[in-house]
Enquirer: 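What follows is a structure written as structure tokens; I'll ask about it next.
Not measured: the values here are computed from a predicted model. Chain letters run A, B, ... following the sequence lines, proteins first, then strands; residues in each count from 1.
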Amino acid sequence: GAGVSQSPSNKVTEKGKDVELRCDPISGHTALYWYRQSLGQGLEFLIYFQGNSAPDKSGLPSDRFSAERTGGSVSTLTIQRTQQEDSAVYLCASSLVRGYYGYTFGSGTRLTVV
Amino acid sequence: SQQGEEDPQALSIQEGENATMNCSYKTSINNLQWYRQNSGRGLVHLILIRSNEREKHSGRLRVTLDTSKKSSSLLITASRAADTASYFCATDDLQGAQKLVFGQGTRLTINP
């Protein structure tokens with residue numbers, strides 16, 4: 001597609017429920033990143049996928065968070081047993097070649113845990 | 001952990017004036033990038049400057065990089081109301097880390 005697509009754009013869930021957030025990167029972009037941003041804060045790195053290499057999961061805050069990328073394209077971020085502190089905007093970005101081009105970000109998913 | 005730190009945290013100027021934002025970082029870098037964010041949603045890539053470059057221009061934007069001081073600045077000339085946004089610097093670490101590390105951002109307000 002023309003840009004990075006994220007769905008849903010907004011998600012309200014009850015504490016303890018599981019949620020899945022989807023990211024569809026730009027076609028041909030081999031690098032895909034997930035970040036989250038709390039209100040008025042900077043971006044916190046979560047996970048990075050590059051081609052068929054093992055993902056860099058060093059930013060995942062707990063074992064309740066997981067992500068996968070199928071076929072080198074679409075990625076899903078799953079949060080199990082959501083907590084109120086998980087409320088944030090979750091941003092996905094893709095890049096053609098790391099280190100030479102900037103990232104293209106999606107519009108994000110605003111997650112609210114009540 | 002956050003690597004880039006923007007300064008100031010907030011900046012308010014009159015339309016037509018120039019806006020300067022600064023970014024400091026801690027480690028050796030491959031490149032440094034600036035992004036703009038409107039309304040707390042997706043970020044837009046503005047400019048990328050490599051570690052062997054000292055200055056780069058794009059339209060009304062001018063970015064400088066001083067690797068000896070581990071700092072960068074973003075200058076927006078002849079500001080417009082539409083420039084109102086948050087601006088973030090992000091560093092691409094040379095230490096093998098495979099992701100950009102973002103600062104906390106500068107909130108820029110352009111008053112008409």
Side-chain angles (χ1 to χ4, degrees), chain A residues 2-7 9-10 23 25-26 29-51 53-61 67 87-112, chain B residues 1-7 9-10 21 23-25 28-53 56 58 61 63 72 74 85-109:
Chain A
V4 177
S5 177
Q6 290 190 247
S7 62
S9 56
N10 289 283
C23 172
I26 291 175
H29 280 196
T30 59
L32 186 147
Y33 312 81
W34 283 96
Y35 287 81
R36 75 175 175 182
Q37 185 179 32
S38 300
L39 188 63
Q41 300 297 308
L43 275 71
E44 176 188 5
F45 167 77
L46 296 177
I47 190 168
Y48 160 69
F49 295 90
Q50 172 62 60
S53 302
D56 176 355
K57 304 179 181 180
S58 61
L60 295 178
S87 296
V89 175
Y90 289 79
L91 293 162
C92 175
S94 68
S95 176
L96 181 59
V97 178
R98 172 184 172 262
Y100 291 90
Y101 302 95
Y103 294 7
T104 301
F105 278 84
S107 297
T109 294
R110 184 179 299 279
L111 175 66
T112 304
Chain B
S1 63
Q2 299 294 337
Q3 150 119 295
E5 293 184 4
E6 288 90 343
D7 170 56
Q9 290 188 333
M21 288 159 274
C23 169
S24 60
Y25 58 92
S28 296
I29 61 171
N30 179 40
N31 65 66
L32 184 145
Q33 304 179 29
W34 285 91
Y35 288 80
R36 183 185 73 226
Q37 185 180 40
N38 295 89
S39 306
R41 283 303 190 122
L43 280 72
V44 174
H45 177 254
L46 297 176
I47 201 163
L48 180 153
I49 186 166
R50 305 191 197 289
S51 59
N52 61 351
E53 297 176 310
K56 206 161 184 179
S58 177
L61 305 180
V63 168
S72 173
L74 170 66
S86 292
Y87 291 82
F88 294 87
C89 71
T91 52
D92 188 355
D93 200 328
L94 252 185
Q95 302 304 315
Q98 301 288 318
K99 72 269 189 181
L100 289 182
V101 180
F102 286 80
Q104 298 293 319
T106 293
R107 176 66 192 170
L108 176 65
T109 301

Enquirer: Taking it one step at a time, do Leu43(A) and Leu43(B) satisfy side-chain contact (heavy atoms from CB on, under 4.5 Å)?
Expert: CA-CA 10 Å; Leu43(A) 275 71; Leu43(B) 280 72; 4.1 Å; yes

Enquirer: Is Ser58(A) in contact with chain B via its backbone, its side chain, both, or neither, using a 4.5 Å heavy-atom distance?
Expert: side chain

Enquirer: Return yes when atom CD of Glu53(B) has more than 12 non-hydrogen atoms of other residues, nucleotides or ligands closer than 6.0 Å, and no otherwise.
Expert: yes

Enquirer: Looking at Gln41(A), is its backbone amide N or carbonyl O close enough to the side chain of Gln104(B) to form a donor-acceptor pair, meaning the two atoms are under 3.5 Å apart?
Expert: no

Enquirer: Grab the two heavy atoms, one from Tyr35(B) and one from Tyr103(A), that are nearest each other, plus how far apart they are.
Expert: OH-N, 2.8 Å

Enquirer: Can a donor-acceptor pair be found, under 3.5 Å and without considering hydrogens, that links the side chain of Tyr35(A) to the backbone of Leu100(B)?
Expert: yes

